[in-house]
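Below is one structure, written out as structure tokens; the observations come after it.
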Amino acid sequence: MQMDPQEVLSLCKRRGFLWPAYDIYGGMGGLYDYGPLGAVLKSNIENHWRRLYVLGEGFHEIQCPIIAPEPVFKASGHLDAFSDMYVECTSCGETYRADHLAAGLHDNPAALNEEQLGKLLRDNNVRCEACKGELTPPRRFNLMFKTSVGAGKGKAGYLRPETAQGMFVNFSQVYRYGREKLPVGAVQLGRSFRNEISPRQGLLRLRELSMMEAELFVHPEDKSWPKFKDVKATKLSLVPNSGPPVDMTLQDAVAQHVIANETLAYFMWLTQRFAVDIGIDPKRLRFRQHEKTEMAHYAADCWDLEAEIGYGWIEMVGVADRGCYDVQAHLTHSGADLTAFEKFDEPREVEQEVVRASFGNLGPLFKGKAKQVAEALAGLNPASVKGSDSVTVEVSGEKLVVPSSCYDVVLKKEKVSGRKLVPHVIEPSYGVDRLLYAVLDHAYSKKDDYISLRLNPLVAPIKAGVFPLMPRDGLDDIALGIHDSLSRSGMMSYYDDSGSIGRRYARMDEVGTPCCVTVDYDTKTDGTVTIRDRDSAQQLRLRTELVPKAVQALVAGAKFESLSKLE
RNA sequence: GCGGCUGUAGUCUAGCGGUUAGGACUGGAGCUUCCCAAGCUUCAAACCCGGGUUCAAAUCCCGGCAGCCGCACCA
């Protein structure tokens, strides 16, 4: 069923899930407030994710600042790749991507700066494609929010466009915390910021968004995953970038190289499971592989989990093999040793020929430069030096001829106990707001104008409604007692004694509360209450003291009918 | 960012130059032994913002903001 997004958003606004932000000041595009129910729904989704990643897979949760200094994004590539250059027609106002207009005029227009690109367009007399008008010089538009840190001119900083960089720059800390073993994973949940040109479609394109990201650091040559065997028979809907969509087992997908490796496949499985757990309809989920041209500047392979909602097929999660791109980039830019150490099973005796300087002759001959010459000699290929009368080395730009009396080729024995590796990264990156919207979209149901949110009890903000049939004769006190016992068990319940009982059920159905407990006159005599199922409107009688246990069971996934067997 | 359409209580909407701005739903207070949005009484609640035209603007015009649709963008 295709849900009209306007209808879903209207319910969200009406019932306290979502509000357009800063509404009394006219609002601001791309920003939303989570109301009381939305905030709880969101944190329920986040907590389930934590359960899978932190408790289930042993990832380490960290929290990094939202503001980062410029070099971080210089290294990550966001400063360059994340900004586009635009030109505008001075007569009709049409805008163009400058690098697109320059395609064909240059091998790699994306690599040019504003000036070079402007010159290229001018020299080739590129004009507006619509009206042949003159174009403005290229202007840069960066999708990151820039800010200034500190007094005066300050230091350039940016609001992070993803939480990932905080984990990459902390690789060494995480690696050490995980006691220096690969694979090791970090996760982070938090806000990220993207200065979208035209935010639209409610929660789908926000300027401030919540992400849940996991970075799994793995051995570059070993992307197997022990738990893969437990899930390999599961079928996923795949849309590969070559060939038609297929439903395929993970085992076949990896064997046929549709999915690059076991680890990537396993986390696709985990992603699918998470989405289903929080109530997204598995029949409306698929994984679409990025086109080669669409792949981000860092990704080696990437699959998006897409859900079909009122807006069409929408990306919810990206599961990417980022290769060593990020860690290598930070290693290069910062100079920090962001490597893992792989210890060999046995330390290896490595015999190696090296060119060794003979300082007895070298020193007197080259005096002050002798040390530099020796270093240059050590860098030479021993095989090419052997047997020659002299070699030429370059020292601070100067070519020096070194006679063979100044060096020997010797066999050097070294004990090597391992090697340094730049880890590869498997990254599942989840857009919380989009997932939450998809949950609402798939839960929304309407029959004869009766709206019900069929939220999975696991994520439903309110777990139970509690009503006295009549707000008197002590029924209200009993109901308040049940409400209290649910709260003490850590479950949000909602006490309501106003209006007819049907109206109260309807109120709870509309916000997705999975069950309602009603205290009636029989409760006073036999100590039982009715519990009603949201989706079937079935009722069971239950001993009052079993209510928290029953609701807990529903949240844990029990079928409603099974509640009658509770003891 | 460009072009088109739109903006009335919490929601859906009537009004198309002069209205105490109407209704429905929701919400609050109350009545009703009340198990699926029943009924009754009662209360609260709106013309997106700023300019202009006019004796008079929710209504016409301009600008802004916001939303929707298309283009572009979405690392």
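Every chain is numbered from 1, with letters handed out A, B, ... down the list of sequences.
- Of the listed nucleotides (G70(B), C36(B), C74(B)), G70(B) has the atom at the smallest distance from the side chain of R200(A).
- Between the side chain of D520(A) and the base of C34(B) there is no donor-acceptor pair of N/O atoms closer than 3.5 Å.
- Following rounding to the nearest Å, Y494(A) (OH) and G27(B) (P) show an atom-to-atom distance of 9 Å.
- By the 6.0 Å contact criterion, CD1 on I67(A) is open, its count of non-hydrogen atoms from other residues, nucleotides or ligands being 12 or less.
- Distances were taken from every side-chain heavy atom of I197(A) (C-beta onward) to each of A37(B), C36(B), C73(B); the shortest belongs to C73(B).
- Among the atoms of the strands shown, base atoms are found under 4.0 Å from some heavy atom of Q539(A).
- In this model, a side-chain donor or acceptor of R205(A) finds a partner on the base of C73(B) within 3.5 Å.
- In the set G10(B), C36(B), A72(B), the nucleotide with an atom closest to the side chain of R14(A) is G10(B).
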Problem - Y495(A)/D476(A) under side chain to side chain contact (heavy atoms under 4.5 Å, CB included): CA gap, chis, key distance, verdict - result: CA-CA 9 Å; Y495(A) 174 82; D476(A) 43 358; 3.3 Å; yes
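- Using cut-offs of 30° and 60° for the angle between ring planes, the F73(A) and H78(A) rings count as perpendicular.
- Ring centers of F267(A) and F59(A): under 6.0 Å apart, within the cut-off.
- Here the side chain of P471(A) is nearest to one of C34(B), A75(B), C73(B), namely C34(B).
- The gap from the P atom of C35(B) to that of G39(B) amounts to 16 Å, rounded to the nearest Å.
- T530(A) contributes a side-chain N or O that forms a donor-acceptor pair with the base of C35(B) under 3.5 Å.
- Remark: P of A75(B) and OH of Y158(A) are 19 Å apart, rounded to the nearest angstrom.
- Look at Y521(A) and the base of U33(B); the rings stack, centres closer than 5.5 Å and planes less than 30° apart.
- Of the candidates A75(B), A37(B), G10(B), the closest approach to any side-chain atom of P161(A) belongs to A75(B).
- Nearest nucleotide to the side chain of R472(A), out of U32(B), C68(B), G10(B): U32(B).
- For the pair L469(A) CG and C36(B) C1', the interatomic distance rounds to 11 Å; values are reported in whole Å.
- Nearest-nucleotide mapping onto RNA chain B: of Q201(A) and R532(A), the residue sitting toward the 5' end is R532(A).
- Nearest to the side chain of S10(A), among U11(B), C35(B), A38(B), sits U11(B).
- Checking C74(B), C35(B), A72(B) against every side-chain atom of I501(A), the shortest atom distance belongs to C35(B).
- A58(B) and U53(B) have their P atoms separated by 16 Å, given to the nearest Å.
- With C69(B), A75(B), C73(B) as the choices, the nucleotide that has an atom nearest any side-chain atom of H78(A) turns out to be A75(B).
- No side-chain donor from either of H333(A) and K74(A) sits under 3.5 Å from a side-chain acceptor of the other.
- The CD-P distance, from Q538(A) to C36(B), rounds to 15 Å in whole Å.
- Here the side chain of Y505(A) is nearest to one of C69(B), G27(B), C35(B), namely C35(B).
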